[in-house]
Amino acid sequence: VKMYKKVVYTHAEYSEVLARMGNCYMRLQDLSNAESHYHHSLELSPKGYIASMGLGLLEFQMNRLDDAIERLSEMTKLNPDSDKAWSGKSNQR
């Protein structure tokens with residue numbers, strides 16, 4: 001997180017860095033910060049794969065199943081070859 005913060009500090013337009021920071025916060029079980037970073041990333045890049053996948057899995061973890069299913073369904077349409085998207089979607093049924 002410290003390393004990513006340095007990049008974000010000087011290059012706020014890097015949506016992938018924000019998404020990867022979200023992933024770091026997910027691993028630390030800091031769900032609020034993870035969600036914030038995923039949303040900020042998606043504001044900059046609305047179809048961002050890393051942020052969308054992370055947020056979908058976060059929504060699943062937070063028991064927001066309808067949001068998670070909708071997000072991961074969209075990801076399977078946009079990325080039909082993504083094993084992660086299909087796996088995430090299938091785990092929610």
Quiz prompt | Listed partners of Glu43 passing side-chain hydrogen bond (donor to acceptor under 3.5 Å, both in side chains), at least two apart | solution = none

Quiz item: Rounded to the nearest 0.5 Å, what separation is found between the CG atom of Leu55 and the CD1 atom of Ile50?
Solution: 13.5 Å

Exercise. Any pair with a residue in residues 45-61 that passes salt bridge (Lys or Arg N to Asp or Glu O under 4.0 Å), sequence neighbours left out, goes on the list, sorted by first then second residue, please.
Key: Glu59-Arg71

Practice problem: May I ask you to say whether Glu70 pairs ionically with Arg64, meaning some side-chain N is under 4.0 Å from a carboxylate O? | Solution: no

Practice problem: Could you pull out all residues at least two apart from Asn79 that satisfy side-chain hydrogen bond (donor to acceptor under 3.5 Å, both in side chains)? | Solution: none

Practice problem: Kindly compute the distance separating CG (Asp67) from CZ (Phe60), expressed to the nearest 0.5 Å. | Solution: 13.5 Å

Self-check item: Closest non-hydrogen atom pair between Ser41 and Ala51, with its separation
Solution: OG-CB, 3.5 Å

Quiz item: Taking it one step at a time, do Asn33 and Met21 satisfy side chain to side chain contact (heavy atoms under 4.5 Å, CB included)?
Solution: CA-CA 9 Å; Asn33 266 322; Met21 284 181 68; over 6 Å; no

Determine all donor-acceptor pairs shorter than 3.5 Å in which one atom belongs to a side chain in residues 22-29; sequence neighbours excluded.
unit_1: Asn23; atom_1: OD1; unit_2: Tyr38; atom_2: OH; d: 2.6
unit_1: Gln29; atom_1: OE1; unit_2: Gln61; atom_2: NE2; d: 3.0
unit_1: Gln29; atom_1: NE2; unit_2: Met26; atom_2: O; d: 3.2

Practice problem: Quick one: pull up OG in Ser36 and CG in Asp30 and give me the separation to the nearest 0.5 Å. | Solution: 9.5 Å

Quiz item: Ser52: what forms a side-chain contact (heavy atoms from CB on, under 4.5 Å) with it, not counting sequence neighbours?
Solution: Leu42, Met75

Quiz item: Taking C-beta and beyond as the side chain, do His37 and Arg20 meet within less than 4.5 Å on heavy atoms?
Solution: no

Quiz item: How close do Ser73 and Thr76 get, heavy atom to heavy atom, and via which atoms?
Solution: O-OG1, 2.7 Å

